**Student:** 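Take this structure first; my questions come after.
Index from 1, following the sequence. These numbers come from a predicted model, not from an experiment. Ligands are counted one by one from 1 in listed order, and the atoms in each one are counted from 1 as well.
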Amino acid sequence: VTATDIDEGENARITYSIYHVSNNGGNKFTIDPNTGIISSTGRLQAGEQYSVTIRAVDAKGLSSQGIVELLVAPGPNTRPPQFTARDYYAPVSEGAAINSTVTTVTLVGRGKASIYFHVEPDTGAIRVRDDLRKEADSEYTVDVQAYDQGDPVMSTVLSLTIYVSHSATVPPDVGLGFADTLYTEHVAENSPNGTLVRILPLLNKREHSPDTPLKCRLTESSQNGVFYVKLTEERDCAIYLNTSSLDYETLSEYSLEVQLESIQGLINPDASKAVVKVHVTDANDNAPVFVFPEQSTIANAKEKYFAIATKEMLLGTNVLQVKAKDKDSGDYGKIEYQKNSWTKAAEEYFSLDADTGVISNIQTFENVPTDVLPFKFSVTARDNPNSPQDYNVARASVVINLLQKENQLVVEVADLNAETLRRQSRSFLQAIEEKSGLVAGLEKLTARHYLGENGTLESDTKGTDVWLYLVDPNTGAILSRESTPVKNAIESGVHKAVGARLQAPVSEVRAPLLAAAPPIRPHLAAAPLATALPAALLALAALVLVAATAATIYICASWNRYI
Ligand SMILES: [Ca+2]
Ligand SMILES: [Ca+2]
Ligand SMILES: [Ca+2]
């Protein structure tokens with residue numbers, strides 16, 4: 001406020017003060033004595049009114065009064081509305097009339113279960129909106145959001161639980177339920193996602209209004225996620241596949257429990273659940289896989305069959321047996337072996353048994369031309385043999401070498417017998433392969449041989465001779481002892497690698513021992529002519545006698561014809 005004084009100088013200096021405030025507002029305002037600015041000292045509520053009487057006094061004590069009418073206007077909105085209780089519980093009967101009041105909250109909003117309930121915006125009253133008998137649910141949670149009219153608009157959310165008490169009861173013979181309590185069904189393992197597995201018909205469904213709430217549900221005891229159930233348009237329970245990766249080989253049976261849900265009392269308690277055993281049936285979803293029991297560790301040689309033939313092999317010897325496995329059952333898992341890219345030489349020398357995978361020779365190997373060696377061809381394994389379609393095929397390479405004397409290598413192990421070594425033979429060969437980079441094959445295990453005093457070949461069953469051969473992994477050809485790769489391997493100390501692997505001393509890799517040629521007996525060579533001559537003469541005499549007799553018989557026989 002401002003007051004004026006027509007005097008000048010000190011006489012015109014005015015001091016302001018509050019003389020009176022109406023409505024008990026005396027302590028709510030202050031005034032600056034020099035400037036006349038009126039300030040409020042505390043919180044004011046919109047709509048409050050005050051009459052403030054201001055006094056202006058000059059230096060000589062002369063004064064004047066003025067009245068300021070104050071009206072508190074609404075300010076910016078700072079506080080949201082508050083619910084008056086933390087939780088509200090509102091009981092309502094299912095027969096509640098539409099628009100009947102459930103409860104009243106003092107605020108405005110709307111809820112999640114808005115199909116069945118709504119809130120009156122002005123009163124906050126929650127009302128029933130639709131027939132509660134349409135649902136089997138007996139509990140609804142409504143989020144009520146309350147807005148105020150402020151600026152900005154503030155709001156608060158309250159969760160409200162409404163319990164619906166259903167009171168329907170029907171005699172059991174018209175109760176809703178499954179026609180049967182146990183079902184068995186089959187579904188193929190390669191069925192696509194969404195496949196209808198089975199429809200479970202419901203009894204007495206026509207006895208009740210089509211609006212009666214009805215729900216099919218898989219219980220917790222059912223394997224979750226693999227199947228789902230839903231109500232069909234005909235109001236039956238349908239089971240569907242919820243995956244496209246059933247696997248007969250992993251899990252071939254499922255047990256599902258389907259629960260029927262409706263208004264309490266409408267369901268026949270004896271028929272509210274049905275168990276469905278679902279059997280997964282096999283499909284031909286696995287291809288045969290060749291197995292390689294004597295798998296080489298050399299990269300190029302992996303997943304190939306290496307075998308040896310010898311010149312001594314009789315006709316019909318099992319040179320090699322290939323084998324494939326198939327995870328399917330029945331015909332889908334049955335395997336037929338077939339020739340694949342067989343060369344003329346392969347056809348000339350070998351046959352393949354379609355059932356067993358045995359490869360045997362139909363010719364001996366005494367005179368194999370070296371240019372056809374090694375024999376290289378492939379075999380296939382095909383499942384579901386009698387079906388023109390729906391089959392899988394796997395293929396494997398076969399390399400058959402002719403093992404000859406120049407290929408044989410021997411490692412002597414003095415302290416381990418043949419049986420012990422047989423158990424460790426794969427590890428033994430692996431040590432050689434790792435050191436040499438060549439494919440190692442085991443020909444045989446024999447007792448350890450050594451040369452006796454007279455150069456004779458002696459044997460010792462406490463030790464073992466390991467007979468082996470080496471194969472070039474790139475060409476598949478067996479290598480002779482004199483070849484550079486084998487010499488290099490021997491020089492690189494493969495026997496040390498073997499010794500370390502077996503933890504037993506071993507000899508160097510060498511050629512098989514040969515007994516020395518029997519020496520010419522000294523006493524025979526030095527025998528005096530006197531002792532040797534009579535024997536020789538006697539032998540000659542015997543020979544003459546035999547020849548003469550034979551000649552005599554011949555002549556007699558010949559002469560006989562002319563008589
Ligand atoms: Ca499968
Ligand atoms: Ca299968
Ligand atoms: Ca198969």
**Student:** Is Asp247 close enough that one of its N/O/S atoms sits under 3.0 Å from the Ca ion (ligand 2)?
**Tutor:** no
**Student:** Check for a donor-acceptor pair, side chain of Asp236 on one end and backbone N or O of Leu202 on the other, with a separation under 3.5 Å.
**Tutor:** yes
**Student:** Report yes or no: is the cationic atom of Arg382 (NZ for Lys, CZ for Arg) under 6.0 Å from the centre of the six-membered ring of Tyr391, at an angle within 45° of the ring normal?
**Tutor:** yes
**Student:** Give the atom name of whichever N/O/S atom in Asp383 sits closest to the Ca ion (ligand 3).
**Tutor:** OD2
**Student:** Tell me whether the Ca ion (ligand 3) has Asn392 as a neighbour, meaning an N, O or S atom of it below 3.0 Å.
**Tutor:** no
**Student:** Count the heavy atoms belonging to other residues, nucleotides or ligands that lie under 6.0 Å from OH of Tyr254, then report whether that count exceeds 12.
**Tutor:** yes
**Student:** Is there an N/O/S atom in Asn384 that lies less than 3.0 Å from the Ca ion (ligand 3)?
**Tutor:** no
**Student:** State the atom name: nearest N, O or S atom of Glu189 to the Ca ion (ligand 2).
**Tutor:** OE2
**Student:** When you check the gap from the basic side-chain N to the acidic O, do Lys311 and Glu366 get nearer than 4.0 Å?
**Tutor:** no
**Student:** Any salt bridge between Glu482 and Lys487, counting N to O under 4.0 Å?
**Tutor:** yes
**Student:** How open is the angle at the Ca ion (ligand 3) from atom OD2 of Asp326 over to atom O of Asn286, rounded to 10 degrees?
**Tutor:** 80°
**Student:** Phe350 and Phe365: aromatic ring centres closer than 6.0 Å?
**Tutor:** yes
**Student:** Measure from NZ or CZ of Lys230 to the centre of the six-membered ring of Tyr240 and say whether it is under 6.0 Å with the direction within 45° of the ring axis.
**Tutor:** yes
**Student:** Looking only at N, O or S atoms, find the one in Glu249 nearest to the Ca ion (ligand 1) and name it.
**Tutor:** OE1
**Student:** Tell me which N, O or S atom from Asp328 is the closest to the Ca ion (ligand 3).
**Tutor:** OD2
**Student:** Please report whether the ring centroid of Tyr183 lies less than 6.0 Å from that of Phe178.
**Tutor:** no
**Student:** With a cut-off of 3.0 Å, does any N, O or S atom of Asp285 fall short of it relative to the Ca ion (ligand 1)?
**Tutor:** yes
**Student:** Between Asn284 and the Ca ion (ligand 3), is there a contact where an N/O/S atom of the residue lies under 3.0 Å from the metal?
**Tutor:** yes
**Student:** So that I can check it, does any N, O or S atom in Asp282 come closer than 3.0 Å to the Ca ion (ligand 1)?
**Tutor:** no
**Student:** Verify the distance test for Ala283 against the Ca ion (ligand 2): any N/O/S atom under 3.0 Å, yes or no.
**Tutor:** yes
